[in-house]
Structure formats: structure tokens, C-alpha cells
Peer 1: 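Okay, handing you the structure first.
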Amino acid sequence: MPSPDALIAMMPEHFLLVGIIVLILLEVVSLSARAALWVAILAVSAAAGAAIFLAQAGFAPSAPFPGLLSVTPAIFMAKGALLALAVPVLLMSRSEFKDGEFSILLLSSLYGLCLLPSSDSFLVMFIGLELLSVPVYALVLLAFRRPQSAEAAFKYLVLSGAASATFLMGVSLLYGATGSMNVETFAQVLSASDMMSRAATVLIVVALFLKAAIVPFHAWAPDAYEGASVPVTAYMATLIKGAVLLAAVRVFGVVNVSGPVADLLLVLPLVSIVWGNLAAIRQNSFRRMIAYSSIAHAGYLFYAFLGAGDSRQSAVVFYVVAYSVVNLLAFALVPENTRDDERDSLDNFRGLYRRDPLAAGLIGIAMLSLAGLPPFPGFVAKFLVFRNVFAAGHTTYAVLGLIGSYIGIYFYLRVLVLMFMSADDAEPAGSRASSLARMAGVLCIGATALLAIMPGWVIARF
Amino acid sequence: MDRVQFLLGLSIALFSLGLLGLVIRRNALVMLMCMELMLNGVNLSLVTFSQRHADAGGAVLVFLVFIVATAEIALAIPIVLLLVKHTRSMDIGRYTDLKG
Amino acid sequence: MGESLVLNLLLWLPVVGTVLLLVIRGNASLARVITLGVMMLQLIMAVWLYARFDAGVTGLQFATSLPWIPQWGVSYLIGLDGFNILLVALTAFLGPLVVLGAHRSIEKDVTLFHAMVLLLQFAMMGAFVAQDLFLFYLFWEAMLIPMFLIIGIWGGSRRIYATVKFFLYTAFGSILMLAALIYLVQSLAQTGGITSFAFADLYRARLPLPAQTILLGAFALSFAIKVPMVPLHTWLPDAHVEAPTAGSVILAGVLLKMGTYGFMKLGFPLFPDAARLFTPALMTLAVISIVYGACLALVQTDIKKIIAYSSISHLGYVMLGLLSLELVGIQGAIIQMVSHGLVAAGLFLLVGMIYERCHTRELSDYGGLARLLPVFSVFFMIFTLASVGLPTTSGFTGEFLALLGAFTAAWPLHVAGQSYPLILSIVAVLGVILGALYMLRFALTFLFGAVNAPHQPLSDLSLRERGILGALVIVIFALGLFPDSVMAKTENAARAYRGLVTTSRLPEQLNSGPELVP
Amino acid sequence: MISMPHALAAIVLLPLVGFLVNGVFATALGGRRFSNRLASIIGCGIPIAAFALTVNALLTLQAGNYTPLIEPLYRWATIGDSTFEIAFYFDRLSAIMTLVVTGVGSVIHLYSTGYMHDDKSYGRFFAYLNLFLFFMLLLVLGRSMLVLFVGWEGVGLASYLLIGFWFDDLANAGAGKKAFVTNRIGDAGFLLGMFLLYRACGTLDMDTINAAFMGSAGSVPVVSASLVGLLLFIGATGKSAQIPLFVWLPDAMAGPTPVSALIHAATMVTAGVYLVVRMSGVYMHAPDASQVMAITGVATAFFAATIALVQTDIKKVLAYSTVSQLGFMFLALGVGAYGVAIFHVVTHAFFKACLFLGAGSVIHALGGEQDIRKMGGLRTRIPITFWTFVIATAAIAGIPGLAGFFSKDEILWYAFASSRGGSPWLWGVAALTALMTAFYMFRLLWLTFLGPSRMEPAVEKHVHESPFSMTGVLLLLAVLSAVGGYFSIPHFLESQVPLPSIVVEREHYERTLLIVSVVLAFAGLALAAVMFGGPAARPERVRQAVLPLRRLLSAKYHVDELYDRLLARPLVWVSEHVLLRVGDRVVLDGILHGVASLATRAAGLFGRVQTGSLHLYSLFVMAGIVGALVWSWRHG
Amino acid sequence: MGLLALVSAALMLFLRQPMRVALALITTMIALGGIYGLLGVHFIAAFQVLIYVGAVMVFIVYVIMLLELRDAEGSRRFSSWRIPGLVVFGLLVTVFGVSVWRNGTGAFTGGSAAPFSLTQFSAEFLSRYWLVFELTSVFLVAAIVAALAVIKVSRRVDG
């Protein structure tokens, strides 16, 4: 039955699975939480390393799981990059989670993440999506430092469930129209004219929009992000979004988008960009602000679909990585506070430069990068996306999108103003990010520097 | 009316009713049940098409949906309990602490 | 190869300095020494490059070209040519002066401040030496960040408003420029078949007039904000007033030149047909800037605002010279850029020095400083007169040649029956009167009359301050008296610029648009 | 005659060295005895040396049979095909001007050592004076208009600094600023004229331009000479205080008196005249511009003279007199008598310098008093000053035999008879002005020196004759005022700038006119004697009789107020209320803030949509699905 | 059978008591099970009844009974968005219906193939889809851990 190829093809997943099992065992014998964290990091690093190694080795088996799962070096690279991003998340979770469940759930979710970019069949993709999100419902309220966490989890669960149902409905209609569960059918019927397959594509896209929080399907995101704890929000804002986008890349394949779906991909992301950036202006909660920012970034990400199909994956992966790295950087260095809502409040950043110059500097870099300003990687990513949009000939939308991105600069600057320029010298005591989180920050800044200095090299790898 | 068409219509109606339930019902448990209704609607169409194409894929997906639905409920119920514990109400309309 | 290494070193030295500063952390005097050292080294290298710069060569010198993002045709391409040699020299020259000038005024977060100054220096230098549009844009935008922090952290009471306004205003222009440059590169790739961001390649792009117009509009908006041209100028007075002295000096000295440099290096040469089409409109704006800036400088009560508005006026002359497309005017514009950099820097330094002593910027709080601070007053007078454009100072060289160019270009049109450019250039000449009016009003209230200054007794300028200003004065007079050797370095660039802008680059079959400027 | 390289450059640069040395010492060692002595030596030595060098250069010129000496110094700029060369040019005209500048300059420097003796900014004063000399020499020796312009602006700067020399009083510094700005208005015209010439001739070298216009260099430039002439004349009106830009000169009397003598009487203000003569090649082809110049000149002469009639400040009378005399010079230029204008420049330099310095001596004697109503009876107290003043007054009034007589008479004659725009009515107005000149000058003489003393007792006690450094200079200048007219400058210059021909039918009026002008001079004298020689009630009666006119004159025709109302205030008002308040703050910043608040409001709206209600969120989803599906129908 | 499912589903939305809603849902599910049975996929019908009615709904009913006592107050049934909700629902059904009805493919026509049996399904499930099976197990593990984690949290909140 399973050939060695099949075994190797799922190597990253296997590492994760091993990690999950070891963690569960550890949990059962209730060994120290510290060990659990390191096991998780080890597992994730091994998985990421395996993925990257396989990508570098050019491992491309022919159909290890015919019709269900396939891998190419590019897919391995994407997996590897995203898995590597999970390391900082784990590192920064230390301060919030004292026991091992977090790691188990995170690893399970990552397992789902790994399935998405290589799924050939909607069956696998559906499992991947569910595996990605179900543990997160639990993660959202896992820290439970305030009652709103439950509210957040419930909202997330219900709308995510609705997204799953919508996705299934779309898949079902597609199945009805073509008789196949293969993801490629989506791309094939994109330009079809019959109503049912058209409805099917629209429903699938809507479901992806829902998961990625595109206006008007975004409403769960700010609430869920705010209710969750810092590492979980970081995870949701970066990896989950990235995974959903990878799924979308998988679904769209390499065809150039046209027809009604292209319209959706033009209009709704644009609305998201503007809406997200505007709504973020008045936020006073850091996580909520990032949520709106992530809505806007989801907009940019879907813009990337408009370009030539063959460069889509590298564009999306690069954007996701650039965006995630700096987002994680910001989250890693959010100063500690005993009260979660105070930690979250932007006032917590007031005068941060005086208290913790490193954190202020790195968060500042993160904010500027999120704003898409050079020379930070966010700019290259933005450039990449808009270059594709221009190349596809959607000049007006590209310009509007850029102007929308301009709106966002203001609220990112606001964070900088608070950190560096507020005269408030009364400093809350002992409020620095934990040392592990700082380590995560350092990892992220290293990655940021790499992305900033050698974007060409990195893109060539994706 | 064609049978497939009828079943498909029914499936869509169930799906839409479920979605409508999410919009208009305030009780958290009822909302969960409406989610189940949506999934049931999807299942119906999947089974129909699976039959129509004589392909096991649809049926497998239905099977997966069963499992996922169960898991979601299993996860959702404790969350609802937690919510109720805190606000002593099943009314989702009251859970609006997170906004803006 | 060895020589181009010097340019690279010149560019990257500030980054090294920043890293050093971050490593030592906290020791203020060491930070000053390191920064000053870096700046001095940079100056030495710039002088060396300037001396070695061969005026006879048309293309790039000391060039480095490395592929950077080969997928998009982006390369790390830097080099010196006649366009940037003077501005690089100016930037390097002002660097040490800024550091020295900030010696006493910055007491808070000294290390961070110097790190920001170094980064700013890096970005400005980079924008000047970049010969690749992507690289240029990178530096162009990167400049905003340290400046944002410099104004925002060490600025005056309304610093946050000012710095956010500065940032958002300039960023708005940049975002449109980004759109335009992507479009430009795309269309070059589609029509010309080369994917490249190198200026030299982009100069070959052929675009139909509507496209040129829109793209020029986007570039011009970005550059005009930076210059700034009326009506896009309102960020400048606020930024200047709130910025610390060093910030003002850099802003006026170098940053504003970015706008005019952009027009000269990119805006007009990239879209020559649109540029010629819009010459009357842009000239109008330039002249409005001259007059408007002067009028507003006349009624300001804040001494920094006077200089700020005077900058608007002075850069109007630069635009006028560039738009004249006469060699004389172009050369004048280049000299005027440098001259304004020196003069405005000097004035801001002087204002900073007096502000350190008196802690007020209200003009009415001062009077009779010539009695109290003779040396200060002498310097002040020299810079004022240079700003007025008195002969023998650099201000005269720039203004005179720019106006001469504008006039020379406008006269034949007038003879041909099109008098509008001539009227504009006459108004610009009349702007010279306003220049004298506001600067002398400033000097009158400031230096003369009954002695009136808060915080008496005042100590006159220290040796350090005299040194800073003396260096500037020497260069100002050198440019005023002996501009020839300087202009020889830029002559080829001026020719190249004129050649690029006057040659139509419409797609082949449409190559018969009306020639607006002979 | 000593031949040396860069002789002309040495003339020009010597004062610059003086300025630098004095400037550095004055500021570095401010006020010490030693520095004062050094300042005197350098300050006076340099102009004298320059004078000597000039004489030497003149001898060289003479030896070279008056072929102009051209001495390139360096190349200022080369741009494309055009070069801007810094070169000096020495011909008869420059020689005269340079001699006047360095000569009168030297004596005034000497005078200043006495006059400024007790001033605490002694060194600074000499530094400025040397600076002035430097620029003035640059102006008269420059070959290119560019160099001329450098000097032109430079003397303006020196004038600005010297008018505001006692800057503790804001009014003095304000007067300096006014002078500078008014000059700048003229300079704008100058610049435009220069641009036009550059465009037309491709060079700024004045000899080349003249040659081009005279047609000796092949083709005549394709540009209207009148336009160029007018533009340059605008420049000249600024520098030489003609209508409409004369307003700065009376105010410029705020400077120390030697400054008034040197800059605002003898040299700088005649730069406009020099410019026109220098560009005579253009003006000869610009009848319209010449016409304008003549009319402006005569009008200025007339109006300034009327104002001078009623001034009570000793220096103001002289200032308006200067304006008036400059008007005469422009009248001469307007009718093409360039040499005559220069002749008047020279004689005027002598007698007006003498007058100013005499006035300075009076002021010095009276401890700063300048109001002639508070003088009188000084004849015996300061005799040398008195007698020199008498000679100079007689000279300016046109008493025969003295310098002013010759030059003024020639101007009147050419105004009447020149074939280039001379006309009887020009002569009429000019003659009337000459009468007034004689009258107000003798009025001044009478009120100051003759009659009973009206001095305040405290002042009267201290009245003393000035030191020799001052009186000696006065004597020298008085001699020059007396004999200066016997050297016929028009004749000397004729080979370079020919005099206009005389309209034939007016030729025989020459003797008549000569007599008329002599009569006029004496009539003025007599009138003044009658009015002010008798009891004080007599002028009072006249005053009452023409009260409205007198008021108008005292107020200087309200020109200052007019300019203030018409130009200065509207400019400030528009800048302040329209451009700053409305333009910058309301419109531009308003739009900006409007956009910003729009964004904030939109943000608020989006925030309100996010009510936290899961039902609403679901509704969004539902509506979104509907919308997306409907949208997908669009593609048929 | 279909109509029964539809009616009881509609009823779900309008019944006040959660318990009755649950009963309506059970009715719907059983009706669907019947439909599956009629379609010939008996094993899915069985699963439907076993998993949904037997497990999920029992769980829900249990919770309802648990909470019914505390949630005694007559809270309102409908959210404030019922009117727009209904309107959009109408639109949704219309749009959906039209989309599906007016399709051009032959999805609905043509004779139905032979219904496949449980053995057939099982064979395929374990051969072609064995990976899905494996993944499902991973999913179940994750779900169990998640549920346990949530329960642990609620226990912690209690204690």
C-alpha cells in the first residue's frame, strides 16, 4: 500500500503527528510544561526543516496519493515557511499558557495547515480546513483571562461553521455539475457559463472569503481576535490566514482568473482594504486593530490572485510570509501586563520606548512594515501584489487599492507615536515582554532582515 | 418535477433555512441546531449527486460531514455552557461585549 | 572597481555607524563622536569623489551594478553623474554640520537621535545615488521614517500633528508614484520587451501621450509635495516649526531637494511629451510658489516659518529653471538647489542657536541682536543676503541663471505671439523684490532697533558654532564667485536632461506632436 | 606711469582687502584704541592707494591713445556656448567715474576720521565704507553687465548697511531696508533688461552690446532698443532716485553724514547715470526710452525742488536737492547729452559732497542738531564751514564761474536745443527748477549761517569748529566746486559718446539762454535774501498765503503714504488675510483636515456597524452570498 | 418525506422552546434519513439516524434539559434582524433556486445509475480514500483534545 514516496511526501505531517502523540503522552504523565514546549518546538522545527529540505532536494513524487494529495517542491517550501512561522508563536505562548494543551492544539491545527496546499481533492481540503480551525475554537478561549473569550470563541465557531457549510454547498454543487471531487474542477469551470457551476465557484470563493475575513464576511475577525489571547491572535492573524490563502491558491490552480469570480476578487478585496484600514483608525485595542489590519491585508492577498496564474503561489506565499513575520514580531514584543485587556490596550504602548527600547524599535519596524513602507518586507510584498494586479491590466483597481493602503499608514503611525512620542513618563512597572517572547522577536527580526535585504532570493525560492 | 431537482431544491431550502436561523434566532443552542440544519442540507445534495454520478466521493464527504458536525457540536456545547455560566443567559443577542 | 567601492562605502557608512550606536547604547558623548566621525569620513569620501569626478564623461561614474531582485529586473545600481554629484556633495557636507549643530540642543535620547540622523543620511544619499527606480523609491520612502521620528520625538509642542502631517502628506504622493512606476515598468516590459527598473532603460520607454500625462501627474504630485510647490506646501511650515534644529536643517538642506531632483532626474525625462505639454501649468505653479511663499513669509511672526515659506519661494526658482529647458536655466536650477540647501541650512542653524539661548521663536520677542551678538549678526546678515540673492553669494548665481534661463526660453515664444511664459518669467523676476522685502523685514526686526531679547545676557557664538557657519559661508561665497568649476561637473547632465526632455518619445507612429518648446 | 599686471583688479580689490581687514578687526577687537587707529590707516590708505592706481591707469590709457584697457580676471561661468567673464574695462568714461569715486571717496574717508571719531563702531564704519568702494569700483570698471550688476547690488548693500549704521534706532535700519527694497524694484527692471540683451546679443559685455547696436558688428540685434532702454532705465530710477522710486533717498539721510555725502550724493546715486551713458549705444537707438527718460528727469528735478523748498532738516534739503540734480542729469541723458550728464555728475559730486560734509560739520558742531529752524548765526562760529558752504551753494545755484554753472547750463542748453528730443518746454521746466534750486539753497544758507541764532542754549554753548581732518576736506572740495567746471568733460568724452547735434533753428538762442540762466541764479539768491534776510515775519506771511500748497510740499506730495496705501499695505493685507488666513489655513489645511475628519467619521461608521451582534454578522454573510450570486449573473 | 423535512425545518425557526426546536430538527433528520433510504443509500440513512439523532441530538437534548431549568425567563425568540433576515432569506432562496434550476449541464437529466451498497462503499473508502480515513482519525484526536481543553477551562473557571 503506502510506497516510500508516500511516506516521505507526508514527512512534515508525520513529524507533527509524532509531536502530537508525544505531547499527549507527556500530558498523560503530566511532565513539566517546559518540556512540552520544547517538544512542540522541536516537532515544528523538524517538520519545517523536513519540508524545506524536501523542497531544496527537489522531491517531487508522482502522485503518492492519487487524487487526494500531491506535493511539489514549491508546496513543500510553502509548508516549510509557514511551519517555521509557528516557532515564534510557540515561543511567545509560554507566558500565556502554562500547560501542554496549547501545543497539542497548535500542532493539530498545523497538521491541517499542511494538508491544505497539497490537497488534490475537496475531501482532503475539507478535512484540512476543519482540522485547521476546530482546535482554534478551543485555543481562543483556552487562556480565558476574561469572559469575552467565550463570546469570541462562539462567534468564531458559528461563523466558521457557516463558512464550512457554504464551502460544502459549493463543493456539492460543483460535484453535481462535474461529478468529481477534484480541486482542479474548480479552475476548469471558472469560465464556464452554466449557472450551477458558477454558483458553485461563487460559494467556494465566498467560503474562503469568510475564512480569510474579507468584507462583508469579516465581522467575526475583530471580535474573535480581541477575545483571544496574544499568541492565539497572532496565530489566527498570520498562519490561519496564510493557510486559507494557500487553500485558495490550491483551488484556483494556475489559471488566470476571469468571469464573475474575477469581479469578486476585484471588488471585495478593495472594499476590505478600505474598510479594514479605515475601521482600524479608531481602535483602542491592539488586537482589534491588528484584526482590521488583517482584514485589509486579506484584501491585498486576494488581489494577488488577479495576476498571472503561474506566479500566484509565489506571490501569495511571499506576501503571507512577509506579513506574518512582522505581525509575529509585533505580537512577540507586546509588553506583559497582568490584566489581559490592559495588555491589549494601546495605552499599554504609551512611552514604551522609555521602558523597553528594543521592543519599541521592533514593534515600530513591524508597524511600518505592515503599513507597506520601504525598506521593510511589507513593501516588497505589497509591490509584488500590485505589480501582478497592474500586469493583469486592472489599473484602476490597483490604484484604488494603493490609495486604500495609504489610509492604513495612519493607524500604524499612531502606534509609533504612542511608543516614541508620548510624553507620558509614568511607566507601569515590570511591563516587558517575556524573554522567550523576545527570542521569538529576535527570530522574526532576523527573518525580516532577510526578507528586506534579499527579497529576490526569497521569492525565487517560493 | 425531476426528482434530483426536487431534492436539490430541498437541500437548498434547508441550507438557507439554517442560515436564516442563525440570523433570527437568539438562543445559542437553537443557533447550533441551525448550523446542523445547514450541514444536513448540504448532505442531502451530496448524497443526491453521489447517487446521480454513482461516485463514492460524495458519500465519503457526507461521512466526513457527520464526523465534523459531531465534533463541532461536542466542542460547541462546552463553550455554550461556559457562556451561560458567565452571563446566565442563552441569548446570543446579549453577547456584545466585543464590538467596535 | 576600487573607485566604485568608495561610493558604496560612502553610502553604507551611516548604516555601520547606526549599528555601532545601537551596540554602545546610552553613552551620549560617544554617540556624538561616532556620528561625527562617520559624517566626517563621509565628507572626505564625498570630496574625494567630487575631485575624481570626470566632468567630461556623460554616463555614470563610480557605478556599481548587482542584480538584486532579478525576477522583476530590479538591480542594486548606484553611481554618480552630473545630476547627483552636487547633491551628494551637499548632503555629505551638511552631515557634520548637522551633528555639530545639534550638539547642545538635543539632550534627550541622544543615541537614538544620532542613529536617526545617520539613517536619514543613508536614505538621502541612497536616493541621490540610486540609478534604479525601485531602489530610488525604496530610499525615497525610507527617508520619511527617520524624519518622522526626528520631528516627532525631539520636536516642539505640536510635533505630533506636524510630523504626522508631514508623513501622510508626503506618503500620499509616494503611493501614487508607486502606482505610476509599476505601470511604467509594466508597459516598458510589454512594449519594449525589457523588464528593468534602471533609469537608463526607462528613459527608452515610449508611451502615448495620455499615459505619459497620467504618469507624469502621479510622479509630479509626489515630487511637488516634496519640493513643495503651492498648493501642496502646508506640511512644510508646520514640519519646520516643530522640528528640532537638526531636523529643519536636513529638511531644508537636503530633503526638499529630493523633489526638484526627482523632477529633473525622473519626472520630466521619463515623460518628455507630457512634460512639455504641462510646462506652462507647472511654470505657473512655480511662479505662484515664488510669489505665494514670499507673500506668506512676509507676514509670519514665527522666525522658523519665515524661513520655511522662503524655502517654498526659493525652490520655485529651481522649478522655473528646470522648466526653461535652457542650459543656463538648468544649470541655474542645479546651483540654486545647492545654494538653497546651504543658505536655508545656515539660517535654520542660526535660528536654532538663538533658540537655544532664548527659547522663543516669536519674531516680536527679539530686537537689536546686532548689539548683543555681533558675530551672530554678521553671520545672520550674510545668510540673509545670500537668501535674498545678493551677487557674490550662491543665491545670486542660482537665481540669476534660473531666471535668465526662463527668460531666454520665454522670449522667442513671446516673439512668436505666445506671451504667457514671458509674463510668468517677469513675475518671477519681480519675486526677487519680495524676497528682499521679507528677508530684510526679518533682519530688521531681529537684528536692529532697541535691544530686546529674553534671557539676557546672551553669549555670542562659540567657536564650534562659528566653525559650522563659517564653513557654510565659505561654500556660499565660493559658489557665488567661482561657480564655473562646479557647473562644469553638471554641464553634461544638464545637456542630457535637456536632450531627454526635448526629444519626443511617443510611440513611433504618433511622433508628430506640436513642439511647444524649441 | 608704472605698468603692472592686474592694475584694474588691484584698484577694485584693494578696498575689499580693506573691508575684510577692518571687518574682522572691528568685530574681533571692537572699539579698542589700537583698532581705531588701524581702521583709520587702512580705511583711508586704501582709497588713496586706489586713487593713485587709478591715476596710473589713466596715464596708461592715455599712453595707449585711449584704447580701452580690457583686463579679464577670470571666467565666472561657462554654460554651453555662452560664457560669463569677469573682466574690467577702462576707458574715458570709466576713468572719470573711477577718479571721482576714489578721489571723493578718499577725501570723505579722511573727513570721516574726524566726524566718526567718537563713534563706538568706528572700525565697522570704515569697513562698510571700504566695502562700498569695492562695489562701486566694480560697478564702474566692470566690462560685463553682470559685473556691473554685482557692483550695482553691492553698493545697494553697502548703502543699506550704512544707512542703518546706527541701527539702535529702528527708524534708521528701516530706512536702510526701504532703500534696499526700493532699489530692488529697479533691479528687477535691470535684470529684465539684462536678460533681454543677453537673449538678443548672446553676451553681457557692454562694449560688445553697444557695438552690436551701433551696427558695427554686422547685424543689429533683433530686439527693441527702446524696450531694453526702458527696462534699464527702471533700474536707473531705483538707484538714482528718480520718479517713481525716489522715495528712499530722503530717508537714507538717516545714515552718518559722510555716507550721505559719498553714497547718496556723489557716487552711488549717479550709478544710474553711468549705466545709461555706458549703454549709450542702446539709448541712441531708443528715442522712446530717451523721451521717457527726459520727461522723468525733468519731472523729478521739478518735484524734488519744490519739496526742497519747505524742508527744515538740513540733510533733507540736500537730499531733495540731490534728487533734483539727478533729475537734471537724466534730463541730459534723455536728450542725448551723455557727456554733459557725466559732467554734471562730476561737478555735482564736488559741490554736493562739499555741501553734505559742510552740513555734517554743522551737525557735528551742534552736537547732532539737524533742524535749520534751530540754527542761524553760525557764520562766525564755524567760519571755514561757512565759507566752503557758501562756495558750494553758489556752485549748485549756478552762479557763473563756479563748477555747477557750466554743467547745469549745458544741460539746460541741450534740453532746449538737442536734436534728440530737446524742446523749449523741457527747458522751461528745467529753468524754473534751476530758479527754485537757487532759492532753496540760499534759503538753507541763510537759515543756517546767517541771521540771528535760534539755537538752544545748551547746544549753543558747545558750538565749535570741526577738526582739520574735516575742514581740510571741506576746503579741498570747495576748491573743486569752484574750479571743477573748467575741465570740459563732455569734450573729453566726445570721442567715446558724441554729443547730440543742435537743432539748427535754435542755435542762435544760446547766448540768450545763458543770460537767462545767470539771471535765474541771481534771482533765486535775491529772493532768498529778501525773504530770509529780513524780519522773521516775512516768510511767515508767505507761508500763510500758500498754506495748502505748503502743506502738500511739507508732506512731500504724500508719495510715501500713497505707496504705503497702494502697495505695501495691500500686499501685507492680502498676504495676511487672503493667502495666510484663507488660503493656507482655511482652504488648504481645511481640505486636509476635512479629509482627515471624513476618514475618522467613516471609521466611526464602520465601528458602529460592528455591533458585536452575531445575528448581524450572519446577516452580512447571507447578504454577501446573495450579492455574490447575483453579481455572478451579470456575466451572461 | 421531503415536505415533512422542509416543514419541520421551517418550524424549527418559529418554535419558542428549544426542546421543541430540537424535536423538530430530529424530525427533519429522520425525514432526511428516510429520503436517503428511498434513494437506496441505506448505510448513510443508518448513519444519519445513528450519529445525528443518536449522538448529536441526544447530546443537545441533554444540554437543553440541563439548562432549561436555569434559562426559565421568557427570552425573546427572534433577534432584531428578523425582518431584514427574512427579506434576504427570500432573496437567497430565489437566487439560489434560479442559479441551480437554470443550469445548462445535464446534471439532472439522464437515468440514475445503480445505487451502490455498503460493501462497495467500504471497499472504496478503505482503498481509494484510506488517506481520508487516516486524516479523520487525526481530526478526531484533535477534536477530542480540543473538547477536553474547553472542558478543562470551564472547570478552571469554576474552581
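For clarity, every value in this text was computed on a predicted model and none was experimentally measured. Letters A, B, ... are given to chains in the order of the sequence lines, protein chains preceding strands, and every chain is numbered from 1.
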Peer 1: So, for W248(D) and G238(D), which heavy atoms are closest and what is the spacing to 0.1 Å?
Peer 2: NE1-O, 2.8 Å
Peer 1: Check each atom of A279(A) against the heavy atoms of chain D and say whether the ones under 4.5 Å are side chain, backbone, both or neither.
Peer 2: both
Peer 1: Pick one of side chain, backbone, both or neither for T201(A), based on which atoms fall under 4.5 Å of a heavy atom in chain D.
Peer 2: neither
Peer 1: Picking from P222(A), A219(A), A199(A), which has the most non-hydrogen pairs under 4.5 angstrom with chain D?
Peer 2: A219(A)
Peer 1: Does any heavy atom of chain D fall under 4.5 Å from the side chain of Y292(A), the backbone, both, or neither of them?
Peer 2: side chain
Peer 1: Indicate the ring-plane relationship of Y617(D) and F620(D), choosing parallel, tilted or perpendicular according to the 30° and 60° boundaries.
Peer 2: parallel
Peer 1: Would you check if the distance from the ring center of F286(A) to the ring center of F349(A) is below 6.0 Å?
Peer 2: yes
Peer 1: Starting from the C-alpha separation in whole Å, work towards a yes-or-no answer on side chain to side chain donor-acceptor pair (under 3.5 Å) for Y225(A) and S285(A).
Peer 2: CA-CA 10 Å; Y225(A) 284 22; S285(A) 146; over 6 Å; no
Peer 1: Below 4.5 Å, heavy-atom pairs only: which of A602(D), S618(D), G604(D), G607(D) has the largest tally toward chain A?
Peer 2: G604(D)
Peer 1: What part of L268(A) lies closer than 4.5 angstrom to a heavy atom of chain D: side chain, backbone, both or neither?
Peer 2: neither
Peer 1: Can you say whether the rings of F606(D) and W275(A) are parallel (under 30°), tilted (30 to 60°) or perpendicular (over 60°)?
Peer 2: parallel
